[in-house]
Amino acid sequence: MLVNQIGRSNKVQIEKTEVEISTPDGQMPAFLYQPCEHGQKPAVILLMEAFGLTSHIQDVAARIANEGYVVLTPDLYYRELTNNKFGYEEVEQAMAMMYRLDFGKPIEEDIRAAIAYLKLQPYVFPEKIGVTGFCLGGGLSFLSACKFSNEIAAVASFYGMVLDDWIEAITNISVPIYLFYGGVDPFIPLERVQQIETRFQELSKEYTLKVYPDADHGFFCHERSSYNRSAAEDSWNELTQFFHRHLQKSV
């Protein structure tokens, strides 16, 4: 499928294909987005929200691809393939599905499989793979930095909940990481954000953290009531510049 994606000053054709990624628990469906230009490109793994692999996440994938990246969006709910996407008003159902995930070895194997899949593609620079995500995907992007710093080149996490074990595991992070949070997010209080930042500082880690004071959880998504246009636009600009610095090959 070809997707016309309009950028700031250019119109790029993006090829969208459905692929399957082999994991220890079976085949994980995913969408792959590629600019229709020839040659190798850096890649980004985009990890979904608690609401599943929604049309919004697919739209974000196309936007990132328009910036010159191959983008992979795995369906992390593949173990429950039916009824595994939710509307933004179905918060309780989405949270229930999310909490059925095993945040230990199974989810780590899923992320590892997605990284391995991209590294095998001849049109991807294997040393230039980034990870980003929102909500559930923001937390799992953080986990990716903790677990797979040797396999990836940069991580950007949007309002991701971070488990206590992951805060301890910050010691393992060796890639550039950018963390975006909302100042009035009821799921991630500022005290938690401060705890995360203090850990980075104690370990003298390279990181960037930005809090949008008036932004709520889900501020990036225009389909949600919590959408905050100024925070969404600023964080998008920050994201694209961050990935450009760390993923685009210097000429």
Side-chain angles (χ1 to χ4, degrees), residues 21 23 25 28-31 44-61 63-64 71-115 130-148 152 155-167 169-170 177-182 185-189 192-193 196 209 215-228 231-232 235 239:
I21 301 168
T23 80
D25 287 341
M28 177 168 63
F31 290 111
V44 173
I45 296 171
L46 173 59
L47 299 174
M48 67 193 205
E49 303 166 294
F51 298 92
L53 193 50
T54 61
S55 59
H56 167 67
I57 291 298
Q58 294 180 56
D59 176 65
V60 175
R63 289 175 65 187
I64 296 174
V71 183
L72 184 68
T73 60
D75 187 346
L76 300 172
Y77 289 160
Y78 70 97
R79 296 172 181 86
E80 301 186 50
L81 273 178
T82 57
N83 301 318
N84 67 356
K85 297 174 185 63
F86 305 93
Y88 288 112
E89 73 285 354
E90 298 178 295
V91 176
E92 290 185 7
Q93 297 95 316
M95 295 286 278
M97 177 75 80
M98 180 181 72
Y99 285 123
R100 287 202 293 275
L101 287 175
D102 186 327
F103 290 101
K105 187 175 179 180
I107 201 72
E108 291 176 25
E109 292 292 350
D110 292 345
I111 298 170
R112 178 182 283 110
I115 296 170
V131 181
T132 190
F134 301 82
C135 181
L136 164 64
L140 295 179
S141 298
F142 191 100
L143 174 65
S144 300
C146 295
K147 296 292 182 178
F148 305 113
I152 56 181
V155 168
S157 168
F158 284 78
Y159 37 85
M161 286 185 272
V162 176
L163 303 183
D164 290 340
D165 289 349
W166 302 352
I167 292 180
I170 289 173
I177 185 168
Y178 203 139
L179 306 171
F180 298 95
Y181 289 106
D185 187 331
F187 300 105
I188 309 168
R192 186 60 159 179
V193 176
I196 294 167
L209 188 149
D216 199 342
H217 193 78
F219 67 76
F220 191 85
C221 178
H222 68 277
E223 297 179 21
R224 301 180 70 164
S225 60
S226 56
Y227 175 62
N228 184 306
S235 59
L239 175 71

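FYI, side chains are in, hydrogens and waters are out, and symmetry mates aren't considered; it's all heavy atoms of this structure. Given the structure is predicted, the values throughout are model-derived calculations rather than measurements.
Between Pro106 and Thr23 the shortest side-chain heavy-atom distance does not fall below 4.5 Å. Counting heavy atoms from C-beta outward, His222 and His56 have side chains that approach closer than 4.5 Å. Between Phe158 and Leu47, every side-chain heavy-atom pair lies at or beyond the 4.5 Å cut-off. Looking only at side-chain heavy atoms (C-beta outward), Ser157 and Val162 stay at 4.5 Å or farther from each other.
Here the side chain of Tyr77 pairs a donor or acceptor atom with the backbone of Ala50 at under 3.5 angstrom. Checking side-chain atoms of Ser226 against main-chain N and O of His217 turns up a donor-acceptor pair under 3.5 Å. Using a distance-only test at 3.5 Å, with no hydrogens or angles considered, a donor-acceptor pair links the side chain of Ser141 to the main chain of Gly133. Judged purely by atom type and a 3.5 angstrom limit, Arg192 has no side-chain atom pairing as donor or acceptor with the backbone of Met161.
Here the shortest heavy-atom pairing between Ala61 and Leu46 reads N-CD2, 3.6 Å. When all heavy atoms of Ile45 and Pro74 are compared, the pair lying nearest together is CG2-CD, 4.2 Å. Residues Leu76 and Leu101 approach most closely at O-CD2, 3.5 Å, considering heavy atoms. The minimum heavy-atom distance linking Ala232 with Tyr227 is given by the pair CB-CE1, 3.6 Å. When all heavy atoms of Gly182 and Phe219 are compared, the closest pair comes out as N-CE2, 4.1 Å. Annotation for Gly218 and Arg224: closest pair CA-NH1, 3.7 Å, computed over non-hydrogen atoms.
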With side-chain contact (heavy atoms from CB on, under 4.5 Å) as the criterion, how do Thr54 and Tyr88 come out once you've worked through the C-alpha distance, each side chain's angles and the decisive distance to 0.1 Å?
CA-CA 10 Å; Thr54 61; Tyr88 288 112; 3.5 Å; yes
What verdict does the side-chain contact (heavy atoms from CB on, under 4.5 Å) test give for Tyr181 and Leu209, after you've listed the backbone C-alpha separation in whole Å, the side-chain angles of each residue and the deciding distance to 0.1 Å?
CA-CA 8 Å; Tyr181 289 106; Leu209 188 149; 4.3 Å; yes
Which is it for Phe51 and Glu223 under the side-chain contact (heavy atoms from CB on, under 4.5 Å) test, yes or no, and what are the steps along the way?
CA-CA 12 Å; Phe51 298 92; Glu223 297 179 21; over 6 Å; no
Should Tyr78 and Ile21 be marked as a side-chain contact (heavy atoms from CB on, under 4.5 Å) after you check the CA-CA gap, both sets of side-chain angles, and the distance that decides it?
CA-CA 11 Å; Tyr78 70 97; Ile21 301 168; over 6 Å; no
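The line from CD1 of Ile196 to CD1 of Ile188 is 7.0 Å long, rounded to the nearest 0.5 Å. Note that CD1 of Ile167 and CZ of Phe142 are 6.5 Å apart. Values are rounded to the nearest 0.5 Å. Rounded to the nearest 0.5 Å, atoms NZ (Lys85) and CD1 (Ile57) are 12.0 Å apart. Expressed to the nearest 0.5 Å, how far CE of Met48 lies from CG of Asp75 amounts to 5.5 Å. Rounding to the nearest 0.5 angstrom, the gap separating the OG atom in Ser235 from the CZ atom in Phe134 is 7.0 Å. With rounding to the nearest 0.5 Å, the separation of CG in Asn228 from CZ in Phe220 is 12.0 Å.
Under the 4.0 Å criterion applied to side-chain N and carboxylate O atoms, Arg79 and Asp110 are assigned as salt-bridge partners.
Evaluation of the salt bridge (Lys or Arg N to Asp or Glu O under 4.0 Å) rule for Glu109 yields Arg112 as partners, not counting sequence neighbours.
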